[in-house]
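First the structure, in the form of structure tokens, and then the observations on it.
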Amino acid sequence: MRKKIVAGNWKMNTTLAEGVGLAKDVNEALKHVTPKCDVVIAVPFTHLASIAAVIDSSKLGLGAENCADHVKGAYTGEVSAPMVASTGATYVILGHSERRQYYGETSETLKVKVGLALENALTPIFCIGEVLEERENGTYLDVVKKQIEEALFDLSAEDFGKIILAYEPVWAIGTGKTATDDQAEEMHAFIRSVIAKKYGDQVADDCSILYGGSCKPSNAAQLFAKPNVDGGLIGGASLEAESFMGIVNAF
Ligand code: PEP
């Protein structure tokens, strides 16, 4: 069964004390509601173990924002999938456009990271999305198809079934410019058709496809009402418990 999910991506924000405070606030808010979706926060590596210790993991999932493409060794500054898993985290964002754009992550690297995440029982939240130029020149569907095919289509159907996808048009991330619900639905339905062609209707139907890009309490309900939009990956609006919960409660 396809899951509805709202996941926060804190990016490089909050000190440890601020982050633990924010996680506690979200955790507390979740005690008073029964959300109609799974709720996850993806936080800086430095915060993972401390946050794992203060949240109720049955109500709030915890993830990293990246992991290394190696298991261990002489890779100064990197954090591996087993290290992430050892903190108690169970999710990892992979392929975020900021990682692709600023740190040169390619489909080849991401394929390795996805494999290591799965080997370490981490659920990848795998990001895909086109830049503005590709939206405007009409190649956006092909671009996203290629991102999925290159990084994920060597997986078995069983492993593919463990992945959460997040469609994040790069032109909508942190810009205040949200894709319309129809633009999101067009892409999500297309992604599902691409998955169906490769893995069959059941795998496609079961795959959660989140929307990300300036999603906020005021536009979440409209986006989430679309049949192929299964929730959101939330950047800026996840940095305050109230706005994040406003999105969680949009379901
Ligand atoms: C993101 O970076 O994953 C994101 C969706 O950011 P924002 O919500 O701030 O656009």
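Numbers here simply count residues along the sequence, with the first being 1. Here the structure is a predicted model, which means the values were calculated and not measured. Order of appearance sets the numbers: ligands from 1, and atoms from 1 within every ligand.
With a 4.0 Å cut-off on non-hydrogen atoms, Ser97 does not touch ligand 1 at all. Only side-chain heavy atoms of Asn9 come within less than 4.0 Å of ligand 1; its backbone N, CA, C and O stay farther off.
The shortest contact between atom 1 (C) of ligand 1 and any protein heavy atom is with His96 NE2, 3.2 Å. Atom 2 (O) of ligand 1 has Lys11 NZ, 2.6 Å as its closest protein atom, hydrogens excluded (heavy atom only). Closest protein heavy atom to atom 3 (O) of ligand 1: Glu168 OE2, 2.7 Å. Scanning all protein heavy atoms for the shortest distance to atom 8 (O) of ligand 1 gives Gly235 N, 2.9 Å.
Between the side chains of Tyr140 and Glu186, at least one donor N or O sits under 3.5 Å from an acceptor N or O. No donor-acceptor contact under 3.5 angstrom links the side chains of Thr109 and Asp69, judged on distance only.
Of the listed residues (Leu94, Leu165, Ile164), just one forms a side-chain contact (heavy atoms from CB on, under 4.5 Å) with Ile125, and that residue is Ile164.
Remark: distances from the non-hydrogen atoms of Ala172 to ligand 1 include one below 4.0 Å. In this structure, Gly174 counts as a contact residue of ligand 1, since one of its heavy atoms falls inside 4.0 Å of the ligand.
Under 4.0 Å is where a charged nitrogen must lie from a carboxylate oxygen, and between Arg2 and Asp206 no such pair does. One finds a salt bridge joining Arg135 and Glu130 here, because a Lys/Arg side-chain nitrogen approaches an Asp/Glu carboxylate oxygen to under 4.0 Å.
You'll find the ring centres of Phe153 and Tyr199 inside the 6.0 Å limit.
Closest heavy-atom contact between Phe244 and Ile41: CE2-CG2, 4.0 Å.
More than 12 heavy atoms of other residues, nucleotides or ligands lie within 6.0 Å of CD in Glu149, so this atom counts as buried by the packing criterion.
Near Gly213, with a cut-off below 4.0 Å to any heavy atom, the atoms of ligand 1 are 5 (C), 10 (O). Close approach to Gly236 involves these atoms of ligand 1, each under 4.0 Å from a residue heavy atom: 7 (P), 8 (O), 9 (O). Here is the list of ligand 1 atoms found below 4.0 Å of a heavy atom in Leu233: 3 (O), 5 (C).
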